[in-house]
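First up is the structure itself, then whatever we jot down about it.
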There are 2 protein chains.
Amino acid sequence: MNEKRKYKTKSHAPEPTLKRLPGYLYFLEQVKEEGVLNISAPTIGKELDLDPTQVVKDLAVTGVKGKPRVGYNTYELIHALEDFLGFNKVNEAFLVGAGNLGSALMAYQEHQSLGLKILAAFDVDEAKIGQTIGGIHILEYNKLFHLSGRLNVKIGILTTPNHVAQEVAEDLVNCGIKAIWNFTSAKINLPKEIIVQNTSMSSYAAVLLRRLNDASL
Amino acid sequence: MNEKRKYKTKSHAPEPTLKRLPGYLYFLEQVKEEGVLNISAPTIGKELDLDPTQVVKDLAVTGVKGKPRVGYNTYELIHALEDFLGFNKVNEAFLVGAGNLGSALMAYQEHQSLGLKILAAFDVDEAKIGQTIGGIHILEYNKLFHLSGRLNVKIGILTTPNHVAQEVAEDLVNCGIKAIWNFTSAKINLPKEIIVQNTSMSSYAAVLLRRLNDASL
DNA sequence: TTACAATAAAGAAAATTTTCTTTAAATAAT
DNA sequence: ATTATTTAAAGAAAATTTTCTTTATTGTAA
Ligand SMILES: NC(=O)c1ccc[n+]([C@@H]2O[C@H](COP(=O)([O-])OP(=O)(O)OC[C@H]3O[C@@H](n4cnc5c(N)ncnc54)[C@H](O)[C@@H]3O)[C@@H](O)[C@H]2O)c1
Ligand SMILES: NC(=O)c1ccc[n+]([C@@H]2O[C@H](COP(=O)([O-])OP(=O)(O)OC[C@H]3O[C@@H](n4cnc5c(N)ncnc54)[C@H](O)[C@@H]3O)[C@@H](O)[C@H]2O)c1
């Protein structure tokens, strides 16, 4: 591997920073559309409700330098962010469980801007096998083992029911998958070198409901 | 309002704790099924990869006390968590934008366990209006203003395209919505008393891709 | 040029969250 | 009963993240 990067990026970025970066990227793409060539950290902070020094620190991880009195070069910053996040590469993925959520993810066109490319989806439901959603074919689950041999896919998107999540995850790992984007509520246990990214919507529900409840006291 | 709570809960719980609580709840429901009447913090921690003292501190926000040598009462803990998170109430919501993601959320049955009840969905697409997904009717967007007058719905789920998110959010606020669960990438600006819960999937993509990239260096 | 204002960068401080330590309580075994 | 062991609770320490300060740089305008 050992890819060359255009900017001197931070080797390790804090997770809260990482989570904010796509927000900057989305905002910057909008202002670029409006023809803004340079933008300052305080301006970004005002729009996104963030402390200006926080913005400076966050953007520093990309290695891009801003100029005092001018700000950052919009175009340069966008590219550095995409580069840093890996959004400008093609990150190939398999999806398992083409149900409600799986279908939505397959149909989601903006994945391209994340550099995410779902090559194929797999399901056990006969009714779904053979269908195409968002240009992605739904294949028989067993085909996963054949296909993964030929392709070198590193990312698995897990949108099966909770109770099969563990076994499907293990299958994915046996197929050479290195990172699993887990949308199920199940806690999946895998060898520690496998990256498991849990994306629990109920966490957000918890925060929302609690804040709503706190507010109405 | 002023509901009585069975346990002396912490008035303010840290957000990381709040986000972990649904995970405990899901796990506890599983072990309850298996007939486990009591469970200790170290056991929970081992299963969920969390520090045992972290578990104790997290669960302490619910006000439930565990007994040394025995652990927590599974049943009591589940109920305290549901109570604390507001999952055992009926939290009524409107959904706007019955597209890919909106449809998935409408079809999602587990929302019940979060106490979330989507009363109706609204869309501008003629083709979608009149349809029913997961027992939820898709109504003409303008009906939102009529319906909200009669019902006292506090939560709005926002799954429209990004470019209309701001205006739809403002409409929701004008209809009396107090909290918005925002699934779009757009940053929406509303009066500060309105709770906006952003749920950005690209944040997770960012963390996943970066971790994957870091790993392969 | 020269002073002035805006801003990024770097470092310090504060706040928050997690982990570690100690203490006390409750059960089980002797 | 008594002792030993497990465990929750409470507090202290460490780590992390955010916010605040200071400094230095750059461009603008007098
Ligand atoms: N629908 C939502 O909006 C939503 C929201 C948050 C989380 N989730 C989570 O996402 C997961 C999927 O939810 P859903 O609503 O899409 O469920 P779903 O039932 O619609 O979809 C699950 C799909 O997985 C397939 N499947 C079942 N067993 C399989 C196996 N062994 N191998 C491969 N495929 C298999 C099913 O045929 C089905 O198509 C669940 O864990 C759920 O908790 C869903
Ligand atoms: N699909 C996914 O998996 C996914 C994942 C992450 C985030 N998102 C975000 O969720 C949002 C929706 O994505 P999607 O894929 O479901 O898009 P979509 O186009 O399938 O759905 C959007 C729906 O909103 C409706 N709509 C448009 N304008 C409206 C208005 N003014 N009022 C009411 N309804 C209106 C459309 O008719 C459509 O039915 C986007 O912001 C997207 O970024 C989607």
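Reckoned from all heavy atoms, side chains included, excluding hydrogens, waters and symmetry mates. We name chains A, B, ... by the order of the sequence lines, and we start the count at 1 in each one.
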#### Entry: Heavy-atom side-chain contact between B/Leu119 and B/Leu151 under 4.5 Å
yes

### Task
Verify the distance criterion only: is there a donor paired with an acceptor across the side chains of B/Asp58 and B/Tyr24 at less than 3.5 Å?
yes

### Message
For the residue pair B/Glu170 / B/Gln166, report whether a side-chain donor-acceptor contact shorter than 3.5 Å exists.
### Response
yes

### Query
Considering residues, nucleotides and ligands other than B/Phe145, do more than 12 of their heavy atoms fall under 6.0 Å from its CZ?
yes

### Message
Restricting to side chain to side chain contact (heavy atoms under 4.5 Å, CB included), what partner residues turn up for A/Ser202, sequence neighbours left out?
### Response
A/Ser200, B/Pro22, B/Leu114

### Task
Check whether the side chains of A/Asn152 and A/Glu92 place a donor and an acceptor atom closer than 3.5 Å, and report yes or no.
no

### Query
If we fit an axis to the first five pairs and another to the last five of the helix from C/dT1-D/dA30 to C/dT30-D/dA1, what angle do they make, to the nearest 10°?
0°

### Message
Between A/Ile44 and A/Leu28, is there a side-chain heavy-atom distance shorter than 4.5 Å?
### Response
yes

### Task
Look at the side-chain N and O atoms of A/Tyr72 and state whether any lies under 4.0 Å from the OP1 or OP2 oxygen of D/dT26.
no

### Message
Do the side chains of B/Lys89 and B/Asp83 get close enough for a salt bridge, i.e. N-O under 4.0 angstrom?
### Response
no

### Query
A/Phe183 vs A/Trp181 aromatic rings, parallel, tilted or perpendicular, using cut-offs 30° and 60°?
tilted

### Query
Got B/Phe84 and B/Leu18 here, is their nearest side-chain heavy-atom distance under 4.5 Å?
yes

Sub-3.5 Å pairs of nitrogen or oxygen atoms, protein against nucleotides 16-21 of chain C:
from	atom 1	to	atom 2	distance (Å)
C/dT18	OP1	B/Arg20	NH1	2.9
C/dT18	OP2	B/Arg20	NH2	2.9
C/dT18	O5'	B/Gln54	OE1	3.2
C/dT19	O4	B/Lys57	NZ	3.2

### Task
Within residues 28-43 of chain B, find the residues that approach DNA chain D with a heavy atom at under 4.0 Å, and present them sorted by residue number.
B/Ser40, B/Ala41, B/Pro42

## Note on the structure
Residues at least two apart in sequence or cross-chain that pass side chain to side chain contact (heavy atoms under 4.5 Å, CB included) with A/Asn38, listed by chain then number, are A/Val70, A/Asn73

### Query
Between A/His79 and A/Tyr75, how do the two ring planes meet: parallel, tilted or perpendicular, split at 30° and 60°?
tilted

Would you list the protein and nucleotides 24-30 of chain C atom pairs, both N or O, that sit under 3.5 Å from each other?
none

#### Entry: B/Thr159 (side chain) donor-acceptor with B/Gly97 (main chain) under 3.5 angstrom
yes

### Task
Whole angstrom is fine here: how far is it from CG in B/Leu59 over to C1' in D/dT7?
13 Å

